[in-house]
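Within every chain, numbering begins at 1; the chains are lettered A, B, ... in the order of the sequence lines, protein sequences first and strands thereafter.
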Amino acid sequence: QKEVEQDPGPLSVPEGAIVSLNCTYSNSAFQYFMWYRQYSRKGPELLMYTYSSGNKEDGRFTAQVDKSSKYISLFIRDSQPSDSATYLCAMPYNQGGKLIFGQGTELSVKP
Amino acid sequence: EAGVAQSPRYKIIEKRQSVAFWCNPISGHATLYWYQQILGQGPKLLIQFQNNGVVDDSQLPKDRFSAERLKGVDSTLKIQPAKLEDSAVYLCASSFGTQDTQYFGPGTRLTVL
């Protein structure tokens, strides 16, 4: 079993839709959770991070963590074509910096 | 502020050949990472440096991969000899410290024929 599982998609939605992206993890020692966005032929860039269970909102983006279920989500409201990218969840393996990434979900927002 | 620089951006080689990638991290960042991203997968850490010392190289195939970070700034990753399964994007990232945000470069796309 992989430590972090993520549905690879691809996911295609119309502009303006609400998008839900999800990851599950198996290691209960993971303490905080990140979402990276990766445009085609670019490196990943940090989108959001959260430490605790519950919701964290940043503009059109909401990160949600349920530690009891080992399940994290990223919601995108009013999705735009510019949101078309691969979204990667990531978790620090320990305090040393190593990140464990999910497989990534490829999202396409159609005008 | 300049980002993480990598070169070359693309490289095509035959199997059993050698190849080297270069990374220049963000100025002042002590921690440097090399990740391998195979098509359709998330990045996997190959090696992590803190200044010029290795922190984690547990997933580096040491029989063919080597990396160094002389003077604690630039870094090179080498593969010798390359195998078909080494075809991937090699991403370099840097951070101020081990618990700080990692900033990624654009990557080097390697194709092994």
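Scanning both residues, Leu88(A) and Gly42(B), for their nearest heavy atoms gives CD2-CA, 3.9 Å.
At a 4.5 Å heavy-atom cutoff, the contact between Tyr36(A) and chain B is made by side-chain atoms alone. There is no contact between Ile100(A) and chain B, counting heavy-atom distances below 4.5 Å. Proximity to chain B (any heavy atom under 4.5 Å) is restricted, for Tyr32(A), to the side chain, taken from C-beta onward. Interface residue Gln37(B): only side-chain heavy atoms are found under 4.5 Å from chain A. Looking at Ser58(B), only its side chain comes within 4.5 Å of chain A, counting heavy atoms on both sides. For Gln48(B), the part lying near chain A is the side chain, with the backbone staying farther off; criterion is any non-hydrogen pair under 4.5 Å.
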Worked check of side-chain contact (heavy atoms from CB on, under 4.5 Å) between Tyr35(B) and Leu99(A):
CA-CA 10 Å; Tyr35(B) 288 87; Leu99(A) 293 178; 3.6 Å; yes

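Residues Tyr103(B) and Leu46(A) are not in side-chain contact: their nearest non-hydrogen atoms beyond the backbone lie 4.5 Å or more apart. When side chains are defined from C-beta on, Gln102(B) does not count as touching Pro44(A), because their heavy atoms never get closer than 4.5 Å.
Enclosure of atom OH in Tyr93(A) is not indicated, since only 12 or fewer non-hydrogen atoms of other residues, nucleotides or ligands lie within 6.0 angstrom. Surrounding NZ of Lys62(B) are more than 12 heavy atoms belonging to other residues, nucleotides or ligands, all under 6.0 Å away.
One hydrophobic cluster holds both Phe61(A) and Met91(A) under the rule that ILVMFWY side chains link at heavy-atom gaps under 4.5 Å. Under the 4.5 Å side-chain heavy-atom criterion for Ile, Leu, Val, Met, Phe, Trp and Tyr, Leu46(B) and Phe49(B) are members of the same hydrophobic cluster. If you chain together hydrophobic residues whose side chains sit under 4.5 Å apart, Leu11(A) and Tyr87(A) fall into the same group. Leu47(A) and Leu21(A) end up in the same hydrophobic cluster when Ile, Leu, Val, Met, Phe, Trp and Tyr side chains are linked at under 4.5 Å. Both Ile72(A) and Leu107(A) belong to a single network of hydrophobic side chains, linked directly or stepwise wherever heavy atoms of I, L, V, M, F, W or Y lie under 4.5 Å apart.
Expressed to the nearest 0.5 Å, how far OH of Tyr49(A) lies from OG1 of Thr101(B) amounts to 6.5 Å. To the nearest 0.5 Å, atoms CG (Asp56(B)) and NZ (Lys98(A)) are separated by 5.0 Å.
Interface check for chain B: of the options Glu106(A), Gln38(A), Lys42(A), Met34(A), the most heavy-atom pairs under 4.5 Å are formed by Gln38(A).
Contacts with chain A (heavy atom to heavy atom, under 4.5 Å) involve these residues of residues 79-98 of chain B, listed by number: Leu91(B), Thr98(B).
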List the atom pairs, donor and acceptor, that lie under 3.5 Å between side-chain atoms in residues 9-20 of chain B and the rest of the protein, sequence neighbours left out.
residue	atom	partner	partner atom	Å
Arg9(B)	NE	Gly107(B)	O	3.2
Arg9(B)	NH2	Arg41(A)	O	3.2
Gln17(B)	OE1	Glu14(B)	N	2.9

